[in-house]
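Structure first, then comments.
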Amino acid sequence: MKTVLDLIGEYARLNDAKIRRGGHLVPSSEKRWEELKSFYDLLMSHTSLAGGSVNRWSSAIDVLIKVDARERLRVPVEREFPFEVDGELHKGFAVNISLGGIYVASSHRAPAGKRVSLYLAQNDARGQAPVETRGVVVWVSDRGVADAFLPPGMGIRFTDKRDTVEDLLDGMVVDALVRHLSGLDVHSLAPDIFLTQQVEL
């Protein structure tokens, strides 16, 4: 039987395949991707980043094992991240993040194509200096994106992902998933509607 975490892992693998193939999957895989995306989006919008009763260590291990296709999985975060444009420091609030990019809500929005520096740190990195990484603005929204519940801000693609940055980003993705799932039993059975046969990639 599939668990909630199994479905997240299946969605992550299909999502990775879809992006690698230029946004196209065979019809059966596309239908399954749409079902799982709806499930994932609903789950992320109705769970909290505040933490809960599930043992975080066990949950992190479960996420690392079950959600192995994390490269393109976008997770909601609620974190302040300073960023620098043309030598000026600005405040930004990260809305979601993946290993490939970040959406930053901010009153200062750089134009598409502009290079920026971001200063990243884990939630529990007290006493540690933020890690600088570079990115490029790929899209800007002055009014927000209503269908994705995004406030005004910018989508930034990371261009500098040295090993330490890659590890930090992966840790942020895993941590955000763990925190979102901390109020759930990740081994609980998935809803019946999502228990259809897994499609081949």
Side-chain angles (χ1 to χ4, degrees), residues 1-49 59-77 94-105 112-113 135-141 143-151 153-159 161 166 169-201:
M1 297 297 283
K2 290 185 182 177
T3 66
V4 167
L5 203 52
D6 288 326
L7 292 184
I8 295 173
E10 185 185 347
Y11 167 67
R13 286 187 295 278
L14 275 172
N15 192 56
D16 186 66
K18 183 179 173 80
I19 294 170
R20 279 188 285 109
R21 296 172 186 176
H24 303 288
L25 292 169
V26 298
S28 61
S29 296
E30 183 70 30
K31 183 173 187 267
R32 183 64 171 164
W33 177 85
E34 288 173 4
E35 292 171 352
L36 292 171
K37 182 180 187 320
S38 295
F39 170 76
Y40 179 76
D41 290 347
L42 186 66
L43 186 65
M44 292 297 109
S45 69
H46 288 285
T47 54
S48 167
L49 286 168
S59 296
I61 291 171
D62 290 336
V63 168
L64 287 166
I65 292 168
K66 295 276 191 171
V67 189
D68 54 357
R70 296 185 300 276
E71 174 71 26
R72 295 169 177 88
L73 185 65
R74 190 163 294 277
V75 294
V77 291
V95 177
N96 60 52
I97 194 167
S98 72
L99 272 71
I102 188 171
Y103 185 81
V104 177
V136 63
V137 178
V138 291
W139 62 282
V140 180
S141 173
R143 298 182 180 175
V145 182
D147 61 348
F149 307 106
L150 296 177
M154 0 174 231
I156 299 169
R157 178 176 47 85
F158 296 120
T159 57
K161 293 198 294 181
E166 189 92 36
L169 291 170
D170 190 43
M172 287 180 176
V173 168
V174 171
D175 182 65
L177 278 173
V178 168
R179 291 169 54 126
H180 270 285
L181 300 172
S182 63
L184 299 175
D185 175 3
V186 295
H187 301 292
S188 63
L189 295 182
D192 289 344
I193 192 171
F194 295 106
L195 295 180
T196 59
Q197 186 66 30
Q198 182 170 335
V199 296
E200 293 296 319
L201 297 179

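As the structure is a computational prediction, the values presented were derived from the model and not from experiment. Starting from 1, each residue takes its place in the sequence as its number.
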Does some side-chain heavy atom of [Y] sit less than 4.5 Å from a side-chain heavy atom of [X]?
{"X": "Val67", "Y": "Val173", "value": "no"}
{"X": "Leu177", "Y": "Leu73", "value": "yes"}
{"X": "His180", "Y": "Val75", "value": "no"}
{"X": "Leu7", "Y": "Leu43", "value": "no"}
{"X": "Asp16", "Y": "Arg70", "value": "no"}
{"X": "Arg13", "Y": "Asp68", "value": "yes"}

Exercise: do Asn15 and Arg72 side chains pair donor with acceptor under 3.5 Å: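 No pair is found: no donor N or O on one side chain lies under 3.5 Å from an acceptor on the other.
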Report the distance from atom [atom1] of [X] to atom [atom2] of [Y], rounding to the nearest 0.5 Å.
{"X": "Arg20", "Y": "Leu25", "atom1": "CZ", "atom2": "CG", "answer": "9.5 Å"}
{"X": "Arg179", "Y": "Met172", "atom1": "CZ", "atom2": "CE", "answer": "11.5 Å"}
{"X": "Ile19", "Y": "Arg74", "atom1": "CD1", "atom2": "CZ", "answer": "8.0 Å"}
{"X": "Tyr103", "Y": "Met154", "atom1": "OH", "atom2": "CE", "answer": "9.0 Å"}

Exam field: side chain Tyr11 to backbone Ser38, donor-acceptor pair closer than 3.5 Å: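 Absent.
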Main-chain N/O of His24 paired with Lys18 side-chain donor or acceptor, under 3.5 Å: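 Looks like no, no N/O pair under 3.5 Å.
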Residue among Arg32, Glu30, Glu35 satisfying side-chain contact (heavy atoms from CB on, under 4.5 Å) with Leu14: Arg32
Basic-acidic side-chain contact under 4.0 Å: Glu34, Lys31: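 Looking at Glu34 and Lys31, the cut-off is not met.
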Stepwise side-chain contact (heavy atoms from CB on, under 4.5 Å) test for Glu10 and Leu36: CA-CA 8 Å; Glu10 185 185 347; Leu36 292 171; 3.5 Å; yes
Within the 6.0 Å centroid threshold, strictly below: Trp33 and Tyr40: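 Ring centres of Tyr40 and Trp33 not closer than 6.0 Å.
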Nearest non-hydrogen partners of Ala69 and Ala12, listed with the distance: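 In terms of heavy atoms, the two residues are closest at O-CB, 3.3 Å.
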Distance-minimising heavy-atom pair for Ala176 and Val77: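 For Ala176 versus Val77, the nearest heavy atoms are CB-CG1, 3.9 Å.
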side-chain contact (heavy atoms from CB on, under 4.5 Å) between Leu150 and Asn96, worked out: CA-CA 9 Å; Leu150 296 177; Asn96 60 52; 3.8 Å; yes
Arg157: salt bridge (charged side-chain N to carboxylate O under 4.0 Å, His left out) partners, not counting sequence neighbours: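 Here no residue qualifies.
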Phe39 vs Val4, side-chain contact (heavy atoms from CB on, under 4.5 Å): CA-CA, chis, key distance, verdict: CA-CA 10 Å; Phe39 170 76; Val4 167; 4.0 Å; yes
